[in-house]
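This report concerns only the one structure given below.
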Amino acid sequence: METDMRYIEVAISLPVYQTFTYSVPESFTDFMATGKRVLVPFGRRRETGYVFGQNQGADIADIKEMKSILDILDEQPLFPSSMVPFFRWISDYYKYPVGQVVKNALPGGLNIRDYASVAITEKGRNELDHGRLAPIAKDILGQLQSKTILVKDLYKKIDQDIPSTLLYTFEQCGLITRKWELAGDKTKARLERFVRLTDTALPADRLSATRTKIIDVLKIEGEITVKKLKESVPTAAALIKPLESDGFVTIDHKRVYRDPFGESIEPDRAYILNQEQQKAVSQSSNYLTKGYKTFLLRGVTGSGKTEVYMQVAAEALKNKHTVLVLVPEIALITQMEKRFRARFGECVAVLHSALSAGERYDQWSRIMQGEATVAIGARSAIFAPFSNIGVIIVDEEHDASYKQEGSLRYNARDLATVRAKQIGCLALLGSATPSIQSYYNVATKKFTELTLETRVEQRPLPDVSIVDLRQTRDMRGIRRFITPELQQAMKASLERGEQILLFLNRRGYASFPVCGACGQPMRCKHCDISLTLHQQANAYRCHYCGFSRAATSKCGFCGSAKIRHLGLGTEKLEAMVTSIFPKARIARMDGDTTQRKGSILKLLKGLKNKTTDILVGTQMVAKGHDFPNITLVGIICADLSLSFPDFRAGERTFQLLAQVAGRAGRGDRPGRVILQTYNPDHFSIAAARQQDYIAFYEQEIGFRKALNYPPYSRMIQLKISGKDPQETENHARLLGDLCRTLKVKHSADYQSVEIMGPIEASLTRIAGRYRWQVLLKGLNAKALHQFINQLLSENPPVFARQPVLVAIDVDPLFMM
Ligand SMILES: [Zn+2]
Ligand SMILES: [Zn+2]
């Protein structure tokens, strides 16, 4: 129980940056705890607040007319008190109101009250019939007389405010019982029979040949499923029963988990590590329980990073610590989950957006109550409510999906090191292509590097050949993009029964429809963007706002029906491949084919079961998947991301190409990559060809330094958007003026802050909103943050929600 909870600090879920002090009526103090939600009076309204703990800063005597809380909304805390400093840090760094930080951190739909039900006890019935009860108590017990009721329904039935403490009190007096359960959300556990040897050795005279075989298998494998034992000894099922009754083996029913492909997960044991992996595990494990430290595990594609994560995790669990694992996207979470469950079993929880509200609640409370000691999830899992973390692992740390855009803008990779530092634990970031930022932290000794230079089992890196697309520029039709070199290699792979991955970072059929009469492109009505033709959907679509026009639409300028479909997308690529290899089984993985739940897994299953010969896809296929039968990767056009007006274009291109190339040759047979490009000499492409990260880093970091780009500086982008073009521009200009005035007024403090803009954004209009930006760049992070804080506090109306919005993006990743 926490000490003195008569006065508490509360963060309110409203756009206010400070916290507030409330008093707690005596009847509530026993139920009060940090991490619960409370209902509080705020102005003339009632608002939800989050309890941050006992009142710290404010002097009680100074607070006149302190208000008291109205109700406690949770039975159990939703987060541990150790997360309070984390929330404060996020609010301060990302300039986001602290109560709203908490609201964003808790998964939506996490309302324990929704799942609570109450039932009357025998004692309750007695009291109702014979006792002297207050009218409200009579009312409540009366409602429960015939059936169990969900608390939220009870509130509706009793047309009166019931403080939740009343229910707690009833429960303590034994009048009612409460239960928390989910209706119909749980999937049934699957049980399997497991056999293992006991300590009693079988006497030699009872050893038949088959029995000897069973004993031998069990000696080698330890505990295995009966199903697996039958693979070696088909008659085992009948033989083990008598062995069990004589006490030579034991048979247990245990829960097994199914992998994302629906097969049960066999328990596995730690692999034997190669020397490099061993070194990485021992070097990092040595620092467990010794306070904060961040390691960057740089391992080429296919070098066995996951096994390193699992063995470090095992060490942390041995120390009774918990383990948090971040993975960039859902398809990879299920893979990671499978491997962790096989190793660690029941203690694994998963957190991601594809879970239903009920499943999410379940996982969250398993973590909160210490039932789960490993949590695996996408970026929002950084908020998993663990209290004694031993290591935070961030897989594919370079991945842009760790950056949250919209509402609370944060980077989960960066938050991993912040949280690790606050609680004094290990952070382990891993990638084959680390972000420039993270490798710079190695170079400046903030992080410690661990390396895996070779693939597991000494498999060679794929052989990459470059095809210069300038040679086929003037060709027509298919040969322009599926060059003779690529076509030949594909044919050879198919003949050997191997699988092929074709990568093109653009979905749709034709990405650049142009009027054949007047030459104008088909544009979105709401965005300043070219539409893309989607043949299957029979429509032109905007990839930014979803606007769509019938495929039969005429030119908006001259009315001509003659539209030329320029620009290649995955849909057209798939059609081209089908026409060349009509017998091959072809599948496509992109934003259009993966919208339904489970569709990604279905596509991956096709690869795994070898019912797909060729997979065509966007960057979705580049991410960490492991399919041993893929021996050829074709990169259709390596240059698409190079031309973006963004200083990270080179970094993204390198990462994408090196990752895609890394999908080849992960099995017994060597891999080959054909990389088609218009810029064969560009250093990002040349380095990706060699999978030479260091060569890439050294080129890129020189360029960053020369132009004072991150990591040599920090950036904060003010994103201004509004429906009226003039109003938006005016607001942007006003904001620019305010920035400049502030800098002039405090020139000594803010000398290092550079103000760029306001300028119109590269994507000038999205979804009907005009977009402008002001970019603040600072060589000194502290001064930059002080600058924006002062700007915020001196000009609240400029940042207030109004027709023109100003979003603050700290460490922006997408600058367009
Ligand atoms: Zn036209
Ligand atoms: Zn649009």
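In this text the structure is predicted, and so the values were computed from the model without any measurement. For ligands, and for the atoms within them, numbers begin at 1 and follow the listed sequence.
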Carboxylate-amine/guanidinium contact R652 D646, below 4.0 Å: yes
The SG(C518)-the Zn ion (ligand 1)-SG(C555) angle, to 10°, is 110°
*asked:* For H785 together with Y93, are the ring centres under 6.0 Å from each other?
replied: yes
- Taking 4.0 angstrom as the limit, do E651 and R704 come out as a salt bridge? yes
Note to self: For H534 and Y509, I'd like to know if the aromatic rings sit close, meaning centre-to-centre distance below 6.0 Å.
What the structure shows: no
Aromatic ring proximity F647/F703, centre distance under 6.0 Å
no
Angle subtended at the Zn ion (ligand 1) by C515 SG and C558 SG, to the nearest 10 degrees, is 100°
Do K403 and E405 meet the salt-bridge criterion of a basic N to acidic O distance under 4.0 Å?
yes
Original post:
Any side-chain donor-acceptor pair under 3.5 Å between S435 and R413?
Top reply: yes
Ignoring waters, protein N/O/S atoms under 2.8 Å from the Zn ion (ligand 2) are C524 SG, C527 SG, C542 SG, C545 SG
